[in-house]
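Step one of this worksheet: look at the structure below.
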Protein chains: 2
Amino acid sequence: MSDDRWVPPTVLLAVDLVILTLRKSCLHVLLIERGVEPYQGALALPGGFLGHEKEDLVTAAHRELAEEAGLGPDQLHLEQLGVYGAPDRDPRGRVVSAAYLAIAPRLPEPVAGTDASRACWTSVERALSGDAQLAFDHEQILTDGIDRAREKLERSALATAFCGPTFTISELQEVYEAVWGVPLDARNFYRKVQSVDGFIVPAGPSRKTDGGRPARLFRPGPCTTLHPPMMRPLSQADRETA
Amino acid sequence: MSDDRWVPPTVLLAVDLVILTLRKSCLHVLLIERGVEPYQGALALPGGFLGHEKEDLVTAAHRELAEEAGLGPDQLHLEQLGVYGAPDRDPRGRVVSAAYLAIAPRLPEPVAGTDASRACWTSVERALSGDAQLAFDHEQILTDGIDRAREKLERSALATAFCGPTFTISELQEVYEAVWGVPLDARNFYRKVQSVDGFIVPAGPSRKTDGGRPARLFRPGPCTTLHPPMMRPLSQADRETA
DNA sequence: GCAATAGTGTCTCTGAGACATTATTGC
DNA sequence: GCAATAATGTCTCAGAGACACTATTGC
């Protein structure tokens with residue numbers, strides 16, 4: 001096990017991004033059509049190698065976020081998802097990837113000001129349905145990212161990151177329904193989110209254009225963790241129950 | 001931003017382990033006194049560089065687990081914690097560390113068969129109390145590991161990983177109390193864990209030596225996720241509530 | 001008026017928390 | 001018998017879910 005003068009192996013470090021947003025009441029992820037080998041022409045998560053020797057991981061994530069998606073660091077949730085380092089995950093050699101999960105508010109149009117404009121929002125349903133073969137192990141990373149988002153909606157105020165600076169309770173409900181993939185009772189949801197202290201706070205008198213009664217506007221509250229948590233109706237849970 | 005023939009920087013990849021166990025009703029972590037610079041003499045999490053170019057991350061974690069703690073892959077929970085890659089976290093250069101969280105059942109004696117036998121179980125209270133200055137960013141990694149364990153006790157059957165193949169409900173309660181740092185009502189705990197379907201299953205008639213009535217033995221059940229979750233009494237939660 | 005969406009009230013039932021009580025061991 | 005621990009029962013109250021109802025807009 002011990003050679004003389006053993007030197008640890010070096011690896012290439014990449015950063016990959018799972019960028020989620022809501023479009024037309026559906027959860028979407030930003031994918032990029034690869035222009036070069038390997039996996040040329042296939043869809044992949046935005047990402048890239050570390051820019052330079054001294055670049056921090058989060059900094060690299062923000063850089064890719066700006067370069068490939070035109071998204072600035074403001075009004076955007078970013079958290080680390082994990083590291084993916086299977087020896088054969090990249091045919092070019094040993095590439096270890098730090099994956100980050102980003103949540104973007106509803107954007108009017110598909111990624112304004114994108115540099116590599118092969119980027120496109122894809123519904124997660126399509127992205128994971130095997131139709132669109134994702135490059136590398138990006139299907140796994142995407143799955144993990146969505147799972148993380150689903151879990152964090154329960155105990156954290158992450159849902160507000162899908163919305164703009166102000167939002168209505170219906171919009172917030174739309175987020176939960178889209179990410180969890182289940183319908184929720186509007187009345188109970190209304191009561192629930194208001195009862196969780198510090199989750200959302202009123203933001204001035206209301207205004208909305210929908211055809212019905214105007215809805216009140218809210219802003220994200222000071223609390224990041226929800227007590228008690230939002231409860232997700234069990235969907236895959238019953239499978240585990242023998 | 002674009003040199004001719006830009007080459008992405010390479011990094012050294014390390015694996016660090018947060019190994020938690022219960023000793024004397026207290027949560028303990030395995031720390032190792034460093035024998036070489038940097039941080040010679042300081043306490044650090046067990047870990048090391050990737051063994052060779054083709055070694056998988058989890059494999060490396062298991063290898064370190066065996067080498068530095070004498071712990072085999074059986075009867076041991078291991079999950080990824082995250083990646084730590086601040087540019088200045090290691091004075092030797094750019095070292096990016098994949099952190100893993102391991103949960104070991106109560107061991108009779110301190111790390112039998114340890115190779116580098118500078119390893120010692122340290123109570124997390126001591127490890128985090130600033131007294132024992134941990135090397136690198138290991139205090140942060142340890143904090144994250146404990147937080148992860150605390151969270152996962154709520155929604156997963158992770159607590160059973162702290163116990164042997166069979167255990168009593170009191171032993172399981174000890175785990176929750178030690179990891180969460182709060183006392184729990186034995187009667188309510190008893191009712192609760194039994195009511196969560198598939199969490200624990202009876203394992204033959206009981207036998208225990210304590211002086212009181214013998215307790216029934218249980219094994220981990222088939223369910224990994226708990227529905228409904230175990231509820232942790234709020235401790236830091238009230239701080240967030242304005 | 002009607003349709004549509006926002007917001008409120010009320011009921012029920014599950015489950016968490018706070019206890020008292022009974023059961024089974026060693027001494 | 002007593003001490004100690006295991007296991008069960010009972011009560012109350014908070015909160016999730018189901019659903020009827022009222023309020024405010026555009027037409």
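By convention in this document, chain letters (A, B, ...) are assigned in the order of the sequence lines, proteins followed by strands, and residues within each chain are numbered from 1. These numbers come from the heavy atoms of this one structure, side chains and all, not from hydrogens, waters or symmetry mates.
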Taking side-chain hydrogen bond (donor to acceptor under 3.5 Å, both in side chains) as the test, write out the residues that go with A:S25, two or more places apart. A:E174
Using whole Å, what does the distance between atom P of nucleotide C:dG17 and atom CE of B:M231 come to? 7 Å
What is the separation between atom CH2 on A:W180 and atom P on D:dA16, rounded to the nearest whole Å? 11 Å
Tell me the interatomic distance from B:F167, atom CZ, to D:dA6, atom C1', rounded to whole angstroms. 16 Å
Quick one, give me the B/S/- string for nucleotides 1-15 of chain C, reading 5' to 3', where B means a protein heavy atom under 4.0 Å from the base and S means that only happens at the primed atoms, P, OP1 or OP2. ---BBBBB-B-----
May I have all residue pairs that pass salt bridge (charged side-chain N to carboxylate O under 4.0 Å, His left out) and include part of residues 183-192 of chain A, sequence neighbours excluded? A:D185-A:R187
Nearest-Å distance for atom pair CD/P, residues A:E154 and D:dG15: 17 Å
Is it true that atom CZ of A:R126 has more than 12 heavy atoms of other residues, nucleotides or ligands lying nearer than 6.0 Å? no
B:R216: which residues meet the salt bridge (charged side-chain N to carboxylate O under 4.0 Å, His left out) condition with it, sequence neighbours left out? none
Grab the CG-P distance between B:D185 and D:dT5 for me, whole Å please. 16 Å
Between D:dA16 atom C1' and A:M230 atom CE, what is the distance in whole Å? 11 Å
Under the side-chain hydrogen bond (donor to acceptor under 3.5 Å, both in side chains) rule, collect the residues that match up with A:D144, sequence neighbours excluded. A:Y84, A:Q140
For A:R148, the side-chain hydrogen bond (donor to acceptor under 3.5 Å, both in side chains) test, sequence neighbours excluded, returns A:E79
